[in-house]
Asker: 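Below: one structure in structure tokens.
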Number of protein chains: 2
Amino acid sequence: MKEKFLNQTNPNVSVDCVIFGFDGVELKVLLVQRDLQDNLEIQDDTLVLPGDLIRDNEDLDEAASRVLTGLTGIRSVFLEQIGAFGNPNRLSKGKDRTWLEAVRLKPDARVITVGYFALINIKNYKIKPAGFAKHVVWHDYKVVEELGFDHNEILDAAIRILRNKLYREPVGFKLLPRKFSLHHLYCLYNEIMDAEIDRRNFRRRMLKTGFLKETDEFQEGVPHKPARLYTFVKKEFENVSRKNFKFY
Amino acid sequence: MKEKFLNQTNPNVSVDCVIFGFDGVELKVLLVQRDLQDNLEIQDDTLVLPGDLIRDNEDLDEAASRVLTGLTGIRSVFLEQIGAFGNPNRLSKGKDRTWLEAVRLKPDARVITVGYFALINIKNYKIKPAGFAKHVVWHDYKVVEELGFDHNEILDAAIRILRNKLYREPVGFKLLPRKFSLHHLYCLYNEIMDAEIDRRNFRRRMLKTGFLKETDEFQEGVPHKPARLYTFVKKEFENVSRKNFKFY
DNA sequence: AAACTTAGTGTAAAATTTACACTTTGATTA
DNA sequence: TAATCAAAGTGTAAATTTTACACTAAGTTT
């Protein structure tokens with residue numbers, strides 16, 4: 001069976017989601033194998049970003065949210081647009097064509113996709129391989145392996161934007177559990193910025209931002225001095241473009 | 001006659017351009033009155049951003065470039081994507097519907113638009129009211145008047161992005177003639193950032209960036225000491241996300 | 001020649017950033 | 001139970017950057 005919701009689906013516009021998670025060491029991206037439905041004869045293990053055509057009654061953000069929720073069960077989450085990708089040849093690689101012809105009602109339609117990126121707490125949910133995709137993997141974000149369609153380009157754009165935001169907006173927390181140690185946050189920054197930040201300066205400056213509130217709780221089960229846990233506190237966040245603002 | 005190029009035009013995706021220019025005092029945006037073609041009976045002086053549906057063989061950037069060139073004659077120019085706008089109700093205001101029904105072959109089609117913003121030297125060209133739009137105006141960017149469709153939203157996004165870029169990337173120059181005085185640049189920064197920057201500090205820091213080269217030429221025809229003119233020099237521009245980089 | 005207008009310049013105080021090493025705490029092990 | 005291990009947690013001095021601020025220079029007009 002080809003696509004459901006045909007009458008309500010826009011054949012020319014899709015969304016694709018770059019879903020980031022942090023396991024304490026590596027920044028991961030959620031990738032899926034394309035769903036071949038009942039086309040068992042096709043051999044295709046290409047990884048792609050989870051995505052879907054948009055429906056006529058939903059906004060772009062809603063479509064991205066639907067994809068994210070369908071895959072992870074997570075509802076309210078950090079989800080922001082990356083931009084639109086519309087190269088006329090973005091669907092013309094061999095395997096991409098094969099897949100489109102097997103699954104899409106209008107396999108030749110020009111499709112513009114709108115990229116989104118999400119930051120989630122990797123431990124907060126179980127991956128549901130239902131719906132779109134049978135195989136779902138958390139992949140190190142430094143992958144260079146070739147994804148389907150133009151998804152490497154979308155992923156690169158997401159990483160660029162994430163790096164730019166990390167120093168200017170309080171977004172790092174979104175990847176952590178509600179209570180976390182400064183060390184945890186520190187590792188996150190090092191991993192995403194691919195840098196080796198000074199530990200003491202990081203700690204002082206991060207605390208100075210006023211976005212952290214200490215709790216009375218400590219790490220448990222570690223074979224050394226347990227670290228204090230903090231929570232993130234929302235506060236009025238003035239316009240980022242204020243010249244000297246640095247998030248951390 | 002309704003739209004030309006119907007067979008090659010994608011009814012679901014458009015581009016809209018926020019074209020900025022600086023006249024020495026105010027930052028301006030180029031707005032057009034919708035082209036009603038031969039529908040003389042319709043009364044509609046709503047201003048909108050210049051835009052068009054995309055064609056099947058062109059990339060999004062190319063479509064935006066086509067709109068810009070068609071209107072201004074300018075070819076190579078700073079042109080960057082703002083993002084995609086796809087609210088299902090973005091075309092449903094009364095006058096917008098009237099216009100769509102008069103001009104579009106599929107007036108009910110869902111249209112997602114991709115916003116672009118351009119920075120041009122306002123004096124470098126003559127506006128050509130040919131093609132898309134009969135009436136073309138440079139409007140102060142602080143306008144709050146209501147534009148057609150969701151174009152206020154697109155304009156706001158463009159301004160936000162421009163402000164963020166101005167302090168981090170060498171983009172201000174794109175709005176100036178090839179040779180300009182530091183005062184000219186200073187006014188540009190004050191106008192865009194809606195601030196009152198210290199004149200001496202601005203001068204020192206701007207020169208320190210290494211993007212300016214002094215010429216032997218000076219202002220002419222001014223009733224006071226003439227200012228030296230500078231040119232912008234391209235140099236390797238390292239990744240913006242370097243933590244402490246400030247453009248000026 | 002005096003008045004006017006904008007161009008162009010320097011410095012000292014304050015704030016921020018950087019580099020850097022030892023003590024504390026709790027768990028494990030000998 | 002004392003010693004060891006591993007990561008947590010802390011302070012300071014030097015360098016750099018940012019800020020605030022006022023007068024002289026140059027060319028035009030009156």
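Naming convention: chains lettered A, B, ... in sequence-line order (proteins, then strands); numbering from 1 in each chain.
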Asker: Using atom CD of A:Glu196 as one end and atom C1' of C:dC20 as the other, report the distance to the nearest whole Å.
Answerer: 14 Å

Asker: Find the distance A:Phe218:CZ to D:dG9:C1' and express it as a whole number of Å.
Answerer: 11 Å

Asker: Taking atom P of C:dT17 as reference, at what distance in whole Å does atom CE of A:Met206 sit?
Answerer: 13 Å

Asker: Who passes side-chain hydrogen bond (donor to acceptor under 3.5 Å, both in side chains) against A:His139, sequence neighbours left out?
Answerer: A:Glu145

Asker: Looking at C:dG8, does its base get a donor-acceptor pair with the side chain of B:Arg203 below 3.5 Å?
Answerer: no

Asker: Take atom CZ of B:Arg199 and atom C1' of D:dT24, then tell me their distance rounded to the nearest Å.
Answerer: 12 Å

Asker: Rounded to the Å, how far apart are A:Gln219 CD and D:dG9 C1'?
Answerer: 13 Å

Asker: Find the distance A:Asp198:CG to D:dG11:C1' and express it as a whole number of Å.
Answerer: 12 Å

Asker: Could you encode protein contacts along nucleotides 23-30 of chain C as a string, one character per nucleotide from 5' to 3', using B for base contact, S for sugar-phosphate-only contact and - for no contact, with a heavy-atom cut-off of under 4.0 Å?
Answerer: -BBBSS--

Asker: If you look at every strand shown and take non-hydrogen atoms under 4.0 Å, does B:Arg200 touch a base, only sugar-phosphate, or nothing?
Answerer: base

Asker: Rounded to whole Å, how long is the line connecting atom CG of A:Asn201 with atom P of C:dT16?
Answerer: 14 Å

Asker: Checking B:Asp52 side chain against B:Ala63 main chain: does a donor-acceptor pair fall under 3.5 Å?
Answerer: no

Asker: If the condition is side-chain contact (heavy atoms from CB on, under 4.5 Å), which residues does A:Ser14 pass it with, not counting sequence neighbours?
Answerer: A:Asp16, A:Leu53, A:Val111, A:Thr113

Asker: Are the charged groups of B:Glu191 and B:Lys28 less than 4.0 angstrom apart, N to O?
Answerer: no

Asker: In this structure, how many angstroms lie between the P atom of C:dT17 and the OH atom of A:Tyr167, rounded?
Answerer: 12 Å

Asker: Using only modelled atom types and a 3.5 angstrom limit, is any donor from either the side chain of A:Arg228 or the base of D:dT10 paired with an acceptor on the other?
Answerer: no

Asker: Holding to side-chain hydrogen bond (donor to acceptor under 3.5 Å, both in side chains), I want the full list of residues that pass it with A:Asp156, two or more places apart in sequence or in another chain.
Answerer: none

Asker: Is a donor-acceptor contact shorter than 3.5 angstrom present between the side chain of A:Arg204 and the base of D:dT12?
Answerer: yes

Asker: Give, ordered by number, those residues of residues 178-187 of chain A having at least one heavy-atom distance below 4.0 Å to an atom of DNA chain C; if nothing qualifies, reply none.
Answerer: none

Asker: Under the rule for salt bridge (charged side-chain N to carboxylate O under 4.0 Å, His left out), what residues qualify as partners of B:Arg228, not counting sequence neighbours?
Answerer: B:Glu214

Asker: Of all residues at least two apart in sequence or in a different chain, which pass the side-chain hydrogen bond (donor to acceptor under 3.5 Å, both in side chains) check with A:Gln219?
Answerer: none

Asker: Can you list everything that forms a side-chain hydrogen bond (donor to acceptor under 3.5 Å, both in side chains) with A:Lys179? Sequence neighbours excluded, please.
Answerer: A:Glu217

Asker: Apply side-chain contact (heavy atoms from CB on, under 4.5 Å) to B:Asp150 and list each qualifying residue two or more places apart in sequence or on a separate chain.
Answerer: B:Phe85, B:Arg90, B:Glu153, B:Ile154

